[in-house]
Structures are given as C-alpha cells and as structure tokens.
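So the structure is just underneath, and the comments pick up after that.
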Amino acid sequence: MQATTSTHTEAAHSHEHHHDPGFLRAYVFSTDHKVIGIQYGFTALAFLLFGFLLMMCMRWQIAKPGEAMPVVGKLLESLLGDVAKGGVISPDLYNAFGAMHGTIMVFLAVVPLAFAAFGNYVVPLQIGAVDMAFPRVNMASYQCFAVGGVIMFVSFFIPGGAAQGGWTSYSPLATIIPTNGQTFWLIGMVFLITSSLLGAVNFIATVIQLRAPGMTWLRMPFFVWTQFVTAFILLLAFPPLEAAGILQLIDKVLGSSFFIPTGLVVSGKPYDVSGGGSPLLWQHLFWFLGHPEVYVLILPAMGVVGEIVACNTRKPLWGYKSLVYSVLAVGFISFIVWAHHMYLTGMGTKISTFFQTTTMIISIPSVIILTCLFMSLWGGSIRFNTPMLFALAFLPMFGIGGLTGLPLGFNFSDLHLHDSYYVIAHFHYVVAPGTIFALFAGVYFWYPKMTGRYMSETLGKIHFWGSLIGMNLVFMPMFFQGLYGMSRRMSDGGATYALTNTANEGVVTAFTGTVMKLNVFVTHAAVLLLIAQVPFIINVFMSMFNGRKVESDNPWDATTLDWQTPTPPPHGNFAKEIIVHRGPYEYSVPGHPTDFTPQNAPDPKAAK
C-alpha cells in the first residue's frame with residue numbers, strides 16, 4: 001500500500017514538469033491511457049459506421065434482389081469489380097458483406113468501444129490510478145488492433161474479395177473457398193485477438209495493483225467490476241480461438257488437415273488433402289470464445305448503465321453486492337454454455353441436457369443484474385438527460401433480447417429456430433438496442449470529462465428517439481420471419497422459396513407475400529435508423545468546438561473518482577493525492593449538505 005501511495009504522490013505532480021512530447025508521441029504512439037481510450041473510441045465508432053453501411057447494402061439486396069443499388073451501386077462496381085457488376089450485389093458479395101459485417105461489428109466496433117475505449121479512459125480514473133499498469137503494452141494493444149482493422153479493410157479490395165465463410169468461419173467451407181479473403185481474415189483475427197489479450201492482462205494488473213489507498217474491493221464502482229471480469233473472460237477464452245485461427249490458416253495456406261475431414265468432395269471431385277481433421281473441433285474452439293464474447297459485449301455496457309443510473313437517480317445502486325456477485329457468476333458460468341450453439345451437430349442427450357441446464361442457470365445472475373438496475377429507479381429523483389434516456393432504454397431492450405434467447409437454449413426448440421431470422425433478432429436486441437444504446441449513453445455521459453464541453457441535448461434526444469424507433473422497427477419483424485421459417489444468409493431474402501416464385505405454387509411451407517413484404521419494411525426502417533445517426537455524428541464533432549462549457553470538474557455532481565480530476569484530466573490524472581473514504585454511490589445521504597458525497601471527500605466526523 002505504501003508503494004502505491006508514493007506512486008500516486010509522485011505522479012500527481014509529475015504533469016507539471018512533463019515536457020511536450022510532440023504530435024506523434026502524444027497522439028499516435030501515446031502511452032497515456034486517456035489518449036489510447038480516445039483512439040480506440042474513434043476507431044471503433046468508424047468501424048461501427050462501416051459495418052452499418054455493409055448491412056445497408058445487404059438490406060437492399062434482400063428487399064430488392066437483383067436490382068442495382070441506388071447512389072452507391074456504381075461506386076461499388078468501380079471499387080470491387082465484377083462481384084458488383086451493374087451496381088447489383090451478387091451472392092458472393094452478399095456473403096462477403098455478411099461475414100465482414102459480423103466480424104467488424106463484434107471484433108472491431110462493439111468490443112473495442114465497450115471494453116478498450118471506455119475501459120482505458122475510465123477505469124484508471126475510477127480506481128485513482130495515474131495510468132494503466134503497463135503503458136507501453138497498452139499502446140501495443142491499440143497498434144495491434146489498428147493493424148488487424150487495416151488488414152480486414154484491405155481484404156475487400158484484393159482479387160476475390162473479402163472472406164465469405166461467415167463471421168464464424170466454419171471449416172471446411174472457410175478453407176475450400178478459392179479466394180484469399182479468408183487468409184486475410186485469419187491474419188487480421190490473430191492481430192485482433194493479440195490486441196485483446198494484451199489489453200486483458202493490463203486491465204487485470206491495473207485493477208489489482210494500482211487502486212488508490214482506501215479503494216477496497218467493495219468500494220470499486222460497478223463499472224470497474226464489469227471491466228475486471230470482462231478482462232478475465234478475454235484472457236481465458238481468446239487463446240483457444242487464436243490457436244484455432246492459426247491452425248485454420250495453416251489448413252488454408254499449407255494444405256494441412258486440422259479441420260478437414262477425410263473423404264471431402266468439392267465440386268464433384270475429392271478434395272486433395274490428407275484429411276482426418278475435425279470440423280466440429282473448430283466449432284468447439286470458436287464457440288468457447290463465441291459465447292463468453294456475448295458477455296464481453298454486455299458486461300461493460302451494464303457497467304456504463306449502472307454508473308449513469310446511480311448518478312441520474314441521485315441514489316445508490318440497489319443491491320450493489322448482488323450486482324458484483326452476479327457479474328462474477330456470469331463470468332464463471334459463461335465458460336460452460338458454449339455448446340448450445342451446436343445442438344444441430346448431433347450431440348447426445350446427456351451433453352445437450354447439461355448445456356441446456358447451464359444456459360438456464362446463467363440467465364439467473366443476468367436477471368439479478370437487470371432487476372437491481374430496475375429497482376435502482378424506484379424512489380429516485382430521475383434526471384431525464386440524454387445519457388439517462390439511452391440507459392433507461394437499454395433495460396427493456398436487453399430484457400427482450402434475453403427473454404427471446406431462452407427458446408434457443410433448449411435443443412427441442414432450437415432445432416427449428418437455429419440459423420433463422422429469429423436468431424438474428426434475438427442477438428441484435430442484445431447487442432444493438434442493448435449494448436450499443438449503453439455505449440451511446442457512455443459517450444454522452446463522459447464526453448464533458450473528456451472535452452470540457454457538453455454535447456447538445458437537442459441533437460442527443462433526436463438521436464435517441466430516432467434510434468429507439470428505428471431499432472425496434474428493424475429487428476422486431478425478424479422474430480416473425482424467423483418463426484415462419486425464414487433462414488438467414490439468403491442473398492435474395494427468401495425470394496427463391498416464396499409463393500411469388502411460380503415453381504413454389506401449392507407448396508404449403510413457401511413464404512407468403514406478408515413475410516416477403518417485411519423485407520421491404522425492415523429495409524425502410526434501416527434507412528430511418530441510418531438517418532437517426534446523423535445528429536450523433538454532427539453532435540460529436542460540433543460539440544468539441546461549440547458545445548456549452550462545463551461549469552465545474554464534476555458537471556453531473558457524481559461521486560466516483562473519475563469526476564474528481566481536472567477537466568480534461570492532465571497527464572498523471574489527479575492534482576493531488578487520492579485517498580478513498582467510502583463506497584462509490586453515496587447519493588442523497590441524510591444530513592449531508594449536498595445530495596452527493598465524492599469517494600475522496602474526507603469524513604467530517606473523522607476530521608472532528
């Protein structure tokens with residue numbers, strides 16, 4: 001503890017004597033956790049927009065199969081060649097856009113924004129640290145992420161285009177596609193996974209070693225707990241996928257057979273490899289990361305919502321210890337549910353029963369977390385500002401995503417719903433109006449600390465209501481399409497199997513006109529959702545220069561240490577030594593002169 005105290009004391013004043021490092025050192029190759037957090041944030045938001053635009057191209061092809069895309073069709077043809085001939089999204093290009101949309105949204109947008117961007121900027125501040133434990137490792141983490149992102153982006157423009165094997169990259173399909181897109185995908189994934197592992201080690205070491213004096217485990221803000229558990233999930237779940245990715249890369253480039261079975265026939269000819277590999281092994285290694293990854297997406301979002309709810313209700317989080325223990329339970333159980341993605345592989349009844357049971361069990365701590373957040377609203381003096389609106393919307397949206405996942409946890413219902421639009425709707429309710437709404441809330445909430453200026457409330461509320469309506473109009477109809485049997489990954493949106501196709505006349509299971517019209521409806525809703533993001537983009541950049549300046553270093557009257565720094569926080573973060581005297585959410589304490597008591601404020605009784 002004494003070493004930690006002296007470190008804080010020295011670093012608290014070091015920024016006064018810190019020399020100017022120059023532009024490259026300060027903003028490109030920075031080791032400052034705040035700059036790295038902002039780098040992650042802007043890069044992730046750029047990829048979030050790019051992934052959204054890929055989805056818009058796919059939605060056009062689903063709604064208007066075989067028709068040229070307006071406005072951008074010719075641009076796609078000039079950039080990508082024959083796969084977009086005449087401005088039409090070909091099935092091959094649709095597959096590539098689908099694979100890269102999933103990859104970009106999960107590994108290059110949401111996870112970096114939720115874990116790396118907010119985590120890097122906020123966690124050291126909230127625990128009273130001057131920086132991350134390993135600043136150079138932190139810089140290397142972002143550089144690996146940036147290299148991986150560039151490799152993924154460049155793959156669109158190589159001969160044959162980007163990966164077409166889906167974001168899950170199942171073998172043997174991913175290996176036998178005769179293009180180099182999958183090779184680029186695998187190399188990019190190795191860099192992205194390495195980035196996450198470096199970040200995970202850094203977060204764990206930082207939280208354990210660099211907490212300020214008095215910051216005991218149960219005085220840590222809920223957001224820090226979610227990031228801490230998320231780091232452990234990444235550290236334990238990503239190495240199997242990185243190993244699998246390297247093995248699949250060897251299959252692809254060197255002709256080995258780690259995941260290629262014996263007797264495989266491709267285009268009517270035996271596939272010329274030794275065989276003996278296991279495609280199911282790839283699925284196990286992928287989903288061992290793939291399902292914990294869901295909690296990598298959602299836990300930081302829950303942490304963000306917890307901070308905003310406590311601050312804007314002016315009362316402590318209800319059931320703080322229950323929240324902490326539930327997050328720990330989620331982190332542990334997330335490693336024993338992965339095979340519920342694999343019921344169709346023919347697993348035995350005993351194994352499927354085990355994974356059905358664990359899947360139901362993991363819903364219990366998730367419900368406890370959601371219940372605590374709902375209960376925190378009761379009796380609060382709620383401020384309905386933009387970050388609070390997004391945080392409030394997160395609660396029912398995540399609830400819908402969670403409840404609709406229960407049928408997928410049972411093998412008898414999953415057999416019918418697997419790989420249908422129902423799965424798309426369920427997953428996106430968890431990640432889009434769930435996680436992404438929480439991340440928008442975080443941007444609006446911490447923006448004043450990062451820049452010293454507020455974002456526009458008017459533009460923020462336009463962004464919120466447009467996004468809330470658009471999200472629900474996009475994803476709710478997909479539940480009905482999935483229940484009707486519409487399969488995902490059909491480049492024509494199911495037109496081949498619709499009653500409008502004369503070949504299906506009299507076929508009872510063919511898609512009706514109502515089901516097909518929903519494709520057009522969802523596409524129009526996606527356009528609305530895209531338009532709704534314009535106020536946010538304007539708001540982010542306009543507010544940097546013209547936003548209303550904050551009145552103090554603690555504009556939200558919050559209690560945690562991230563609001564006890566100068567604004568924006570300087571090198572070294574704190575102007576004086578930080579000593580923590582209380583828990584993170586001392587709001588509306590009877591007898592106190594204000595409705596908030598910061599964690600580092602001395603106890604007046606002790607002073608007497």
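Within 6.0 Å of CG on Leu75 lie more than 12 heavy atoms contributed by other residues, nucleotides or ligands. Residue-environment remark: CZ (Phe479) exceeds the threshold of 12 foreign heavy atoms within 6.0 Å.
The nearest pair of heavy atoms linking Gly149 to Leu108 is CA-CD2, 3.6 Å. For the pair Phe145 and Pro112, the tightest heavy-atom approach, listed with the atom from each and the gap, is CE1-CG, 3.3 Å. The two residues Ile308 and Ala391 have their closest heavy-atom pair at CG2-CB, 3.9 Å. The nearest pair of heavy atoms linking Gln182 to Gly165 is OE1-N, 3.7 Å. Taking each heavy atom of Pro279 and Ser171 in turn, the nearest pair found is CB-O, 3.5 Å. When all heavy atoms are compared, the tightest approach of Thr404 to Tyr422 is O-OH, 2.8 Å.
Side-chain atoms of Tyr421 never come within 3.5 Å of backbone atoms of Phe475 as a donor-acceptor pair (strictly under, hydrogens ignored). In this structure, the side chain of His291 does not engage the main chain of Trp287 through any donor-acceptor pair within 3.5 Å. No donor-acceptor distance shorter than 3.5 angstrom exists from the side chain of Ser155 to the backbone of Phe184, with no hydrogens or angles considered. Gln39 places a side-chain N or O within 3.5 Å of a backbone atom of Val28 that can act as its donor or acceptor partner. Panel note: side chain Lys449, backbone Val122; no donor-acceptor pair is recorded below 3.5 Å. In terms of modelled atom types and a separation under 3.5 Å, the side chain of Asn138 and the main chain of Thr31 share no donor-acceptor contact. In terms of modelled atom types and a separation under 3.5 Å, the side chain of Ser334 and the main chain of Pro292 share no donor-acceptor contact. In this structure, the side chain of Arg211 engages the main chain of Val207 through a donor-acceptor pair within 3.5 Å. The closest donor-acceptor contact from the side chain of Ser257 to the backbone of Gly277 lies at 3.5 Å or more, if one exists at all.
Counting heavy atoms from C-beta outward, Leu241 and Met189 have side chains that approach closer than 4.5 Å. Residues Phe42 and Val540 form a side-chain contact, since some pair of their non-hydrogen atoms from C-beta on lies under 4.5 Å apart. Contact check for Ile436 versus Leu48: side-chain heavy atoms found under the 4.5 Å cut-off. Looking at Phe332 and Phe232, their side chains never come closer than 4.5 Å, going by heavy atoms from C-beta outward. Looking only at side-chain heavy atoms (C-beta outward), Val229 and Ile233 come within less than 4.5 Å of each other. Between Leu53 and Leu530, the closest side-chain pair of non-hydrogen atoms falls below 4.5 Å. Residues Ile193 and Phe107 fail the side-chain proximity criterion, which asks for heavy atoms closer than 4.5 Å. For the pair Leu125 and Pro569, the minimum side-chain heavy-atom distance is below 4.5 Å.
You'll find the ring centres of Phe157 and Phe153 inside the 6.0 Å limit. Ring centroids of Phe118 and Phe223 are separated by 6.0 Å or more, keeping the two rings apart. Between Phe437 and Phe394, a ring centre-to-centre spacing not shorter than 6.0 Å is recorded. Phe97 and Trp60 have their aromatic ring centers separated by at least 6.0 angstrom. Two rings, from His463 and Phe440, have their centers less than 6.0 Å apart. Taking the centre of each ring, Trp217 and Phe228 come in below the 6.0 Å mark. In this structure, the ring of Phe50 has its center less than 6.0 angstrom from the ring center of Phe156.
The distance from atom CG of Asn120 to atom CE of Met132, rounded to the nearest 0.5 Å, is 5.0 Å. Rounding to the nearest 0.5 angstrom, the gap separating the CD1 atom in Ile62 from the OG atom in Ser491 is 8.5 Å. Rounded to the nearest 0.5 Å, atoms OG1 (Thr183) and NZ (Lys252) are 5.0 Å apart. Taken to the nearest 0.5 Å, the CG atom of Leu323 stands 6.0 Å off from the CG atom of Leu373. Ser467 contributes atom OG, which lies 4.0 Å from atom CD of Gln533 (distance to the nearest 0.5 angstrom). Here Ser278 contributes atom OG and Phe258 contributes atom CZ; the two are 13.0 Å apart, rounded to the nearest 0.5 Å.
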For this session: For Ser169 and Gln248, run side chain to side chain donor-acceptor pair (under 3.5 Å): C-alpha distance rounded to whole Å, both residues' side-chain angles, the deciding distance at 0.1 Å, then the answer.
Result: CA-CA 9 Å; Ser169 188; Gln248 193 181 78; 2.9 Å; yes
Exercise. Does the side chain to side chain contact (heavy atoms under 4.5 Å, CB included) test come out yes or no for Met455 and Val443, once each step is laid out?
Worked result: CA-CA 9 Å; Met455 295 181 73; Val443 171; 4.1 Å; yes
For this session: Report the C-alpha separation of Asp414 and His340 in whole Å, then their side-chain angles, then the decisive distance to 0.1 Å, and conclude whether the side chain to side chain contact (heavy atoms under 4.5 Å, CB included) test is met.
Result: CA-CA 9 Å; Asp414 183 66; His340 68 215; over 6 Å; no
For this session: Might you work through the side chain to side chain contact (heavy atoms under 4.5 Å, CB included) test for Phe115 and Leu234, ending with a clear yes or no?
Result: CA-CA 10 Å; Phe115 177 68; Leu234 286 170; 3.5 Å; yes
For this session: Please lay out, stage by stage, how Trp185 and Thr103 fare under the test side chain to side chain donor-acceptor pair (under 3.5 Å).
Result: CA-CA 9 Å; Trp185 187 92; Thr103 301; 2.9 Å; yes
For this session: Could you go through the side chain to side chain contact (heavy atoms under 4.5 Å, CB included) check for Leu561 and Ile127 one step at a time?
Result: CA-CA 7 Å; Leu561 297 182; Ile127 65 173; over 6 Å; no
For this session: Step by step, work out the side chain to side chain donor-acceptor pair (under 3.5 Å) result for Asp562 and Thr560.
Result: CA-CA 6 Å; Asp562 45 320; Thr560 49; 2.5 Å; yes
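Using modelled atom types, one finds a donor on one side chain and an acceptor on the other under 3.5 Å when comparing Thr194 with Glu242. A side-chain N or O of Ser195 and one of Tyr40 form a donor-acceptor pair less than 3.5 Å apart.
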